[in-house]
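To start, the structure under review is shown below, and the notes come after it.
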Amino acid sequence: MGMVCAILLLCSMVIAMPIVRGIDESPQAVAKWFEDLPQMKEKVTKLHFYFHEQVSGKNPTAVKVAYTNTTFQSPTFFGLVVVIDDALTVGPEPNSTIIGRAQGMYESADLVDPVAEMSLSFVFTTGAYNGSTLSLLGRNAVLHTYREMPIVGGSGVFRLARGIATAKTYWFNATTGDAIVEYNVVVLHY
Ligand SMILES: *[C@@H]1O[C@H](CO)[C@@H](O)[C@H](O)[C@H]1NC(C)=O
Ligand SMILES: *[C@@H]1O[C@H](CO)[C@@H](O)[C@H](O)[C@H]1NC(C)=O
Ligand SMILES: *[C@@H]1O[C@H](CO)[C@@H](O)[C@H](O)[C@H]1NC(C)=O
Ligand SMILES: *[C@@H]1O[C@H](CO)[C@@H](O)[C@H](O)[C@H]1NC(C)=O
């Protein structure tokens, strides 16, 4: 982009195209990005944020959408499906600055251990990552101190990302199910 914008004329052409948050998301630009891939260098980006799961109250960000007739007799709520749109913040405080959302779902998919099988997007809404996403797909054994889950892809600045998300519970209310979870994410991308 820097080189393109060095030429004023081209730069104004680029601006006229459907650029979203600094990244041209047109199919032509995506195709060009792949053509340029052999010249691009992979880099490591580390992210740190807190994930706020609000189950209780008037405005929950996590809702049960499906279960079966044995779910609530199961020690692990086996079969429960939850859809989330949880806030991601800089710090652990509930009023900390929001930098994105975790949007997707998880299922209780282990008969013995409490496990959330997660499939979601981290959708960033500020700064250089605004509009970019990371896709997480993995097993969250919620009682473990550290839960390592694969980052399997991304969009925007995170095109072709892969990496690891490490979750650690910061705070949990067993009565309501509300939780604050610390995430460290390390990704390789271009
Ligand atoms: C759950 O539903 C199935 C199918 O309707 C039924 O056969 C089964 O007896 C039910 N189990 C319980 C624990 O209610
Ligand atoms: C966040 O909440 C704390 C108390 O929990 C308060 O001291 C602080 O001023 C609040 N910050 C903002 C930006 O509202
Ligand atoms: C993020 O991008 C959206 C849509 O392009 C824009 O409306 C918003 O102002 C941006 N937010 C920040 C904090 O840059
Ligand atoms: C958990 O939530 C319940 C119900 O709102 C509340 O009474 C209790 O104080 C909370 N516990 C903690 C540790 O925050």
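Because the structure is predicted, anything quoted here is derived from the model rather than measured. As the structure lists them, so they are numbered: ligands from 1, and atoms in each ligand from 1.
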### Message
Strictly by salt bridge (charged side-chain N to carboxylate O under 4.0 Å, His left out), give each pair with a member in residues 118-141 just once, sequence neighbours left out.
### Response
D110-R139
### Message
Under 4.0 Å from a heavy atom of W171: which atoms of ligand 4 are those, numbered in the order shown and with their elements?
### Response
14 (O)
### Message
Taking salt bridge (charged side-chain N to carboxylate O under 4.0 Å, His left out) as the cut-off, I'd like each qualifying pair that reaches into residues 85-103, sequence neighbours left out, listed once.
### Response
D85-R101
#### Entry: Side chain to side chain, I151 and F122, heavy atoms closer than 4.5 Å
yes
### Task
Output the list of atoms in ligand 4 that are nearer than 4.0 Å to some heavy atom of T176, sorted by atom number.
2 (O), 4 (C), 5 (O)
### Task
Kindly write out the residues that satisfy side-chain hydrogen bond (donor to acceptor under 3.5 Å, both in side chains) with T89, not counting sequence neighbours, or none if the list is empty.
H52
### Task
Group every Ile, Leu, Val, Met, Phe, Trp and Tyr by side-chain heavy-atom contacts under 4.5 Å, then state whether M149 and L88 land in the same group.
yes
### Hydrophobic cluster membership, V181 vs V123, 4.5 Å side-chain cutoff
no
### Task
Mark up the atoms of ligand 1 that fall under 4.0 Å of a heavy atom belonging to N69, in ascending order.
1 (C), 2 (O), 3 (C), 8 (C), 10 (C), 11 (N), 12 (C), 14 (O)
### Task
Test Y67 against F72 for ring-ring contact (aromatic ring centres under 6.0 Å, His included), laying out the working first.
CA-CA 8 Å; Y67 47 87; F72 298 105; 5.0 Å; yes
#### Entry: Polar proximity ligand 1 side, Q73 side, N/O cut 3.5 Å exclusive
no
Could you tell me, for ligand 2, which of its N or O atoms are under 3.5 Å from any protein N or O, listing the pairs and their distances rounded to 0.1 Å?
from     : atom 1 : to  : atom 2 : distance (Å)
ligand 2 : 2 (O)  : N95 : ND2    : 2.4
ligand 2 : 11 (N) : N95 : ND2    : 2.9
ligand 2 : 14 (O) : N95 : ND2    : 3.2

### Query
In terms of the angle between their ring planes, are Y190 and W33 parallel, tilted or perpendicular, with boundaries placed at 30° and 60°?
perpendicular
### Query
Rounded to the nearest 0.5 Å, how far apart are CG of L160 and NE2 of H189?
11.0 Å
### Task
Could you tell me whether T175 and ligand 4 have an N or O pair separated by under 3.5 Å?
no
### Query
Which is it for F172 and ligand 4 at heavy atoms under 4.0 Å: side chain, backbone, both or neither?
neither
